[in-house]
Amino acid sequence: MKKSDRHGTHDYKRLHPAAMLYFVAKILKELYGLLPVIPIIVVSAPTLLGESVNRFWLSVWLIVFVLLLLTLFSWQRWLRFKYRIEHRAIYIEQGIWVKKKTWITRDRIQSIDTTESIYDRVMGLVRLQVETAGGEKPEAVLSSISAAEARRIQESLGFAAAPPLVHPDSVPDRKETDLNIPAAAGTASVHDPSGDQKMIFSFQRLLVHSATSGMIGYVFIILIILLFKYGEDIMKSLKLWESFPDWLDSGWITVSLSLGLLIVVSWLLAVTVTFLRDYGFQLELSNDKLTIERGLLERKHLTIPLDRIQAVHLVRHWLHRPFGWVSIRAVVAGKTEKQEKSILIFPIVRSGEAADVLNRFIPSFTLPEAWRGLQPRAWRYFVFTPVLCCLIAAVPAIIWIPGSLGWLTLLLPAVILLTEQMAYRQMGWSAANGQIAVRYGGFSLHQALIPKRRIQWVQMSQTPFQEQRKLANLKIALAAGRGAAKFTLRCASESDIRQLADWISISRKDSKK
């Protein structure tokens, strides 16, 4: 009896030969720690083999030898990698020294996503990832298959890819969309007779989203670290100080210009990364699954079953907040994209549109109509104590740092005062209709909508100072892509925290019965 008769009606299939490039990259990643061995061999060769050894040619032969080994092992991995679809499951064989056989059944699969890099797109290929709810990484990756083969696998396993969405320019001209959003607002809502929901991120709003990206803070911090580590050496090697005019000798002018240049460079990098990442963002709801498509250089197609969404996270970033924009994210069980705790559902919408977007695409989550804030006795612990600690820490800095630079440390308590005051006013919660919502943040505002049946565990904590004022914290944990996503309600009334903990615990017991 043939193997195809024993295991299913389909014969084994192989990846496209271009998959060997992915295997080369994977081998290099696995053997990254051994790469320094090559220069060590080159340096020590004359001592071990004699002075007649030519280091240049030795380096060339070593590199050629390593490339041949990489080619051989990647070819062997490609040759031994086989897969097929059988009985609504995917079966994969792989491995050179140890043969691994993996079966993933349809009921264990959370999503089947595809990614198209530039070189994949040229050859008409995609990378397909199969993820289950409990994995910390994709359980199966088919690195180079045709788009038609990817669609066949998705259809066979019940994850049929959504049809191409309508481009914003092709949407008929209308004054209002199905979301009651003016056409100039920057999103196009497409009506589908089948009842599916679609929303497209326009190019105009993409530009605004990129120009106000919150990534600028992360890029700025990275550049500061690199500047402190390598800046002086770069300046000396390029002899930049000699080309500067004399009036730049002033320390204040140099610091101001350097910070200004870093901010501009950080902004440009953040704009570029955000634009490339979120270009052509499209969202569709079909058959109780959200399909997200985005990316310019690397086109990604993500599929998220609605029953895998653990919480919805609304973020009003400090650059978006003055304009009334909010990003919609979702905490999804088992998703493993780049170690993120949540996945972007839609980059930015108007604050007034958020409730409509949730109602259309994730109807089991609702925005609270009212929030309960903190009691006045929480202000001292929330604001006064952090500011006092910063002031105490600033005193030795003022004494030890020469000149007027020491007084700049007083900016830290001022910033902490402003941030904690905003955090105190914004901290709040709401519990209704089987859902707990937590609101928090400083310059940015966050709102987490959490069905209590999705909560993994809750933890109540108190410091001695909080216990005196009858305050407490409540930490809520959910299953997320890697580990658990946690949201904390700080310095709320102790009686409210106990009631919330009991309410959640009773609900979890009922859901298990």
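Start at 1 with the first residue, then count along the sequence.
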Fill in: Aromatic Phe382 / basic Arg490 pairing, under 6.0 angstrom, 45° off normal
yes
Do the non-hydrogen side-chain atoms of [X] and [Y] ever get within less than 4.5 Å of each other?
{"X": "Ser143", "Y": "Leu125", "answer": "no"}
{"X": "Thr303", "Y": "Ile112", "answer": "no"}
{"X": "Tyr83", "Y": "Ile145", "answer": "yes"}
{"X": "Ile392", "Y": "Leu388", "answer": "yes"}
{"X": "Val349", "Y": "Ile328", "answer": "yes"}
{"X": "Phe323", "Y": "Ile348", "answer": "no"}
{"X": "Val383", "Y": "Gln421", "answer": "yes"}
{"X": "Tyr22", "Y": "Asp120", "answer": "yes"}

For [Y], is there any backbone N or O sitting under 3.5 Å from a side-chain donor or acceptor partner on [X]?
{"X": "Gln435", "Y": "Thr366", "result": "yes"}
{"X": "Arg377", "Y": "Lys470", "result": "yes"}
{"X": "Arg127", "Y": "Asp113", "result": "no"}
{"X": "Arg372", "Y": "Trp429", "result": "no"}

Practice prompt. Mind running side-chain contact (heavy atoms from CB on, under 4.5 Å) on Glu149 and Leu142 for me, showing each step along the way?
Written response: CA-CA 10 Å; Glu149 175 67 6; Leu142 306 183; over 6 Å; no
Identify the heavy atoms of [X] and [Y] that sit nearest to each other, and give their distance.
{"X": "Cys491", "Y": "Gln466", "answer": "SG-NE2, 3.5 Å"}
{"X": "Ala472", "Y": "Met460", "answer": "CB-CE, 3.8 Å"}
{"X": "Val271", "Y": "Ser210", "answer": "CG2-O, 3.3 Å"}
{"X": "Leu489", "Y": "Gly428", "answer": "CD1-O, 3.9 Å"}
{"X": "Gln110", "Y": "Val332", "answer": "NE2-CG1, 3.3 Å"}
{"X": "Val438", "Y": "Thr488", "answer": "CG1-O, 3.9 Å"}

Quick one: pull up [atom1] in [X] and [atom2] in [Y] and give me the separation to the nearest 0.5 Å.
{"X": "Thr385", "Y": "Trp379", "atom1": "OG1", "atom2": "CH2", "result": "9.0 Å"}
{"X": "Glu494", "Y": "Gln499", "atom1": "CD", "atom2": "CD", "result": "11.5 Å"}
{"X": "Ile304", "Y": "Glu131", "atom1": "CD1", "atom2": "CD", "result": "10.0 Å"}
{"X": "Thr102", "Y": "Ile92", "atom1": "OG1", "atom2": "CD1", "result": "6.0 Å"}
{"X": "Ser327", "Y": "His209", "atom1": "OG", "atom2": "NE2", "result": "6.0 Å"}
{"X": "Leu344", "Y": "Ile292", "atom1": "CG", "atom2": "CD1", "result": "7.0 Å"}

Discussion item. Under the criterion side chain to side chain donor-acceptor pair (under 3.5 Å), I'd like the reasoning laid out for Gln197 against Arg360: C-alpha separation, chi angles, the key distance, then a yes or no.
Written reply: CA-CA 7 Å; Gln197 301 289 344; Arg360 290 179 53 197; 2.6 Å; yes
Worksheet item: Relative to the ring of Phe487, is the ring of His313 parallel (under 30°), tilted (30 to 60°) or perpendicular (over 60°)?
Response: perpendicular
Worksheet item: Where does the angle between the aromatic ring planes of His320 and Trp325 fall among parallel (under 30°), tilted (30 to 60°) and perpendicular (over 60°)?
Response: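 Because their plane-to-plane angle is over 60°, the rings of His320 and Trp325 count as perpendicular.
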Worksheet item: Taking it one step at a time, do Ser461 and Lys475 satisfy side-chain contact (heavy atoms from CB on, under 4.5 Å)?
Response: CA-CA 8 Å; Ser461 62; Lys475 183 178 292 185; over 6 Å; no
Do other residues, nucleotides or ligands put more than 12 heavy atoms under 6.0 Å from [X] [atom1]?
{"X": "Phe443", "atom1": "CZ", "result": "yes"}
{"X": "Arg380", "atom1": "CZ", "result": "no"}
{"X": "Asn433", "atom1": "CG", "result": "no"}
{"X": "Arg121", "atom1": "CZ", "result": "yes"}

Item to complete: Begin from the C-alpha positions of Trp371 and Gln426 and carry the test side-chain contact (heavy atoms from CB on, under 4.5 Å) through to its verdict.
Response: CA-CA 10 Å; Trp371 296 85; Gln426 292 172 169; over 6 Å; no
Worksheet item: Is the shortest distance from a Lys or Arg side-chain nitrogen in Glu155 or Arg152 to a carboxylate oxygen in the other one below 4.0 Å?
Response: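 No salt bridge links Glu155 with Arg152.
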Worksheet item: Should Ile216 and Leu319 be marked as a side-chain contact (heavy atoms from CB on, under 4.5 Å) after you check the CA-CA gap, both sets of side-chain angles, and the distance that decides it?
Response: CA-CA 10 Å; Ile216 183 176; Leu319 288 175; 4.1 Å; yes
Practice prompt. Apply the salt bridge (Lys or Arg N to Asp or Glu O under 4.0 Å) test between Glu293 and each candidate in Arg299, Lys198, Lys300; give the one that qualifies.
Written response: Arg299
